[in-house]
Structure formats: structure tokens, C-alpha cells
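Residue numbering restarts at 1 for every chain, and letters A, B, ... go by the order of the sequence lines.
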There are 2 protein chains.
Amino acid sequence: MEAVAVRGRPREFNVDAALAAALRVFWTRGYEGASLTDLTEAMGITRPSLYAAFGNKEALFRQALDLYEREKQAFVRPALEQPTAKGVAERLLQGAIDNYLDPDGCDPRGCLGVITSTACGTEAECIRDEVLERGRKVNELFTQRMAKAVADGDFNGPVDPETITNYLMTVLKGMAVQAGAGATRDEVQRVADATLAMWPGR
Amino acid sequence: MEAVAVRGRPREFNVDAALAAALRVFWTRGYEGASLTDLTEAMGITRPSLYAAFGNKEALFRQALDLYEREKQAFVRPALEQPTAKGVAERLLQGAIDNYLDPDGCDPRGCLGVITSTACGTEAECIRDEVLERGRKVNELFTQRMAKAVADGDFNGPVDPETITNYLMTVLKGMAVQAGAGATRDEVQRVADATLAMWPGR
DNA sequence: CTGCTTCCATATCGACCGGTACATAATATC
DNA sequence: GATATTATGTACCGGTCGATATGGAAGCAG
């Protein structure tokens, strides 16, 4: 697919590897906390190379965000396909734990989306809005899935699809904060287990 | 208590009011996101006055954090004195909603602690550690309270005091993220209600 | 009044921010 | 070979960051 016209001097670095390195920096420090110096050092390239390859800091962040959703949050969509609401929740919680507390210890802790959407200076407002918008779309997907679960009789009592979705998202985001604040994987795992143990249905 | 030696020119601004204004800025923008220009404009004083009265940005933040805990999170300690674990949780969740989504609409949304502890640049690391340490102390208090609740037979099944505390803190922090991300008070209230409805005991 | 102390306002400091101009190096096409 | 095109490295732009030096204004005690 990349039958690029290779006129001119060829690039000396791997764009995908550089983007992955940039993602790690954003994931660790947030959008505003990640300086161009941090980024270029981690990516192993110079400033002009970064601007030539990615546009600017904001465009680089958006591409890193795409990569994050594509590779690190791939668990979200399959979770929707579980047969019961509790199954959906279980897959989501487990995927989040792997995302927030990488068992290999390679990835940063916490959630890029939560880190970015948590308020910082005015500069990043448009970035923040983009992240919030993406979150809203995920929320919609799960609300629809929970509505189906209500119809399927997955819940013991009366349950509002929006509320149970918001509850689930709240626990997820709380886990992200805890993970970022230094909680161990076992601690977060027990929180997820407890959440499932209290789950009001199947 | 303030029998200050009033030699020299008297101060032209109210220190408490200025600190309250600074708190609102930190609460809205986070530690790093709040620039000295933001702060001095909101406080209505000049930079040298700020440094003379509060030391530096970090010292100002610590004093704002003290004010925050003293006035905005006063609900935490009384919650511990509720007779049952569910009562403790209820008071904590309700107090958090009032804290994160001020009914009068005067205070900023979300939680200063969560905003600050969520990663940003390297400059704020020592501030972050301080906030995390304060959070750890609160966590200990609630773990002890939940251990008593276990002994009191407040829970239906076997429950680990640490885990139920971590679960509660996770929901609280998730609510703070949701509130900061634009959730309405009703939405967050329903999440809290749902949490209590699933609570495994009295 | 004269000292003395403290506060306020202006005008900066050096460091770092995101972003670029410019010259040079490396490849393809002709 | 010559030339066009692209990438790289250096050095720098204006702007903002947190923090201050400095000089004058405003109050006290004597």
C-alpha cells in the first residue's frame, strides 16, 4: 500500500516506531506535559523531522491517539459482543486492567484518554474536546448494548441502560486514576472482581 | 490569633479571599495548567505581592490544597462516623457529588486531588506525590472503618476491607473524572444511587 | 518633621515553550 | 555526470514560563 514516490533523500527513521514512542510520552505526561524535547528525544529524531513527518504537536497527538485506540483499546469492541451484560462488563474490566497496568510492564500506567481529558491549561482545550467526543461515542455504543441486555432480561431488577453504562464507565475511569496513582495490578484486579461480584444480573 | 505586628504599609488585599481565588484557578486548570498570570489576575494582585504573601507557586498550591480539604472536603471525616458501612458509603458519595458538582454552580467541576494526581509534566512531580500521600492517608482511615464494619457484620458475604475501600475510592475518582468531563449532576447522582443499590450489605 | 518598615508597580531575568529558516547531505530522475 | 527533490542538523524565532531586582508609595514610631 505504501508504493510511495521515493524521490529525494530517504527517511532515516521508522515512522511507526517513532509514533509508538510518541504515544508512550503522551501516555505518561499528558498532552501539555509532553514537550517537544521530551518527544523528539524519545522518538530519536529532530524537531524538523517531526514536523515534516507528523505536521505539528497536535497532529502528532491525534495520530498517537488513533494508534492508542487501534492497538491498546482493541478490547472495547469485542466486549460488546459478549452474550450477557455481565459478560460485557467482565471483558471490559479485564481489558482495561491490561490496558492500564500492562502485565509486561512496558506501557505506561493509566489511561491516555483519562489523562488527556482531565483538565489542564487552555492550550489543550481542543484536544480535550476531541478526546471527550470519542468517549461519548463509546458511551453510546455501550448504552445501546445495555438496552439490549435489559430487553434480554440480563438484569435482576429494573435497570436503566444509561445509568448502568455510566456506572461501568465510572468504575473504569476510577480504575485508570488508581492505576496512574500507583495502585498495584492485584489491587485493581480485586476492585474489578468486586464490581463483577456485585453486578446486578447475568 | 492574627495580632500581627502592623509596622509598615498595610496590605491592600485580603489574603483569604486571594487564596480562595487561587484555589478556584488550580481546581479548574490543575497545578501546571495554572500560570502565574492566571493566578494573579484571578486573585487581583501582582506577582511580587503573591510571592510576598504566599512564598511561591508551590507554596501557594499547598495552602490552596489545605483550604480545599478543610472547606470543600469536610464531608469526609463525618462520613466515617456513620453506623454502617453502607451509611459511610452513602455519605461519602453524596458529599463527593456536592464537591464535584456544586449545586450553586460556583465551584469548578471535578476533584482537585484527581486533577492534580493525574499525570502531567515533570515539574509537578513533588506536588503530585504530596497529593497522593494525602490520598493514601484517607484510604487508610476508610480501610480501618471497613474492617470494623466487617466485624460488625455489615456485609452480606465475605468482604475484604481493603478491597471494598479501594472499590469505593475507585467509584469516587471515576465520578470526579465524569464530572470534570461534563457529566450532569443527575447522571452522577444516578451512578451513586446505583452504587448504593448494589452495595453488598447494610 | 525624620527614620524605618512594609507593600505595590514596573520592568525585567534566564529558561523553556512550540515552531522554523537555512544550509547541507542523500537519493531519484534525466 | 547534472538537476530536482526530500531529509537532516544547527541554530534560532517570538512568546510565555516562574521568579525577582528595583524604586517609589504608604503607613508606623520617634
Find the distance [X]:[atom1] to [N]:[atom2] and express it as a whole number of Å.
X     : N      : atom1 : atom2 : value
B:N56 : D:dT20 : CG    : C1'   : 13 Å
A:F13 : D:dT6  : CZ    : C1'   : 12 Å
A:Y51 : D:dT8  : OH    : P     : 16 Å
A:L39 : C:dG18 : CG    : C1'   : 11 Å
B:R11 : C:dT5  : CZ    : P     : 18 Å

Quiz item: Of the residues in residues 41-50 of chain A, which ones touch DNA chain C at a heavy-atom distance under 4.0 Å?
Solution: A:R47, A:P48

Quiz item: Tell me, which of residues 17-36 of chain B have any heavy atom that sits under 4.0 Å from an atom in DNA chain C?
Solution: none

Partner residues of [X] under the salt bridge (charged side-chain N to carboxylate O under 4.0 Å, His left out) criterion, sequence neighbours left out:
X      : value
B:D102 : none
B:E125 : none
A:E69  : A:R134
A:E133 : A:R136

Practice problem: Return the nearest nucleotide to the side chain of A:T37; candidates are C:dC17, C:dC8, C:dG19. | Solution: C:dC17

Quiz item: Which residues satisfy the side-chain contact (heavy atoms from CB on, under 4.5 Å) test with A:Y51, sequence neighbours excluded?
Solution: A:L36, A:N56

Exercise. Calculate, to the nearest 0.5 Å, the distance between atoms CD and CZ belonging to B:E81 and B:R145 respectively.
Key: 9.5 Å

Quiz prompt | Pairwise distance CG(B:D160) to OG1(B:T165) - rounded to 0.5 angstrom | solution = 8.0 Å

N/O donor-acceptor pairs under 3.5 Å from side chains in residues 57-65 of chain A, not counting sequence neighbours:
from  : atom 1 : to     : atom 2 : distance (Å)
A:K57 : NZ     : A:Y31  : O      : 3.0
A:K57 : NZ     : A:A34  : O      : 2.8
A:E58 : OE2    : A:R62  : NH2    : 2.4
A:R62 : NH1    : A:E130 : OE1    : 2.0
A:Q63 : NE2    : A:F54  : O      : 3.3
A:Q63 : NE2    : A:A59  : O      : 3.3

Quiz item: Does anything in residues 58-68 of chain A reach DNA chain D, meaning a heavy atom under 4.0 Å, and if so which residues?
Solution: none

Practice problem: Establish, with yes or no, whether the OP1 or OP2 oxygen of C:dT5 is under 4.0 angstrom from a side-chain nitrogen or oxygen of B:R9. | Solution: no

Between side-chain atoms of residues 194-202 of chain A and protein atoms elsewhere (two or more places apart, or another chain), which donor-acceptor pairs fall under 3.5 Å?
from   : atom 1 : to     : atom 2 : distance (Å)
A:T195 : OG1    : A:V191 : O      : 2.8
A:R202 : NH2    : A:D152 : O      : 3.2
A:R202 : NH2    : A:D154 : OD1    : 3.4

Exercise. Among residues two or more places apart or on two chains, list those pairs meeting ring-ring contact (aromatic ring centres under 6.0 Å, His included) that have a residue in residues 68-89 of chain A.
Key: A:W27-A:Y68

Self-check item: Residue pairs, two or more places apart or on separate chains, that pass ring-ring contact (aromatic ring centres under 6.0 Å, His included) and touch residues 98-130 of chain A
Solution: none

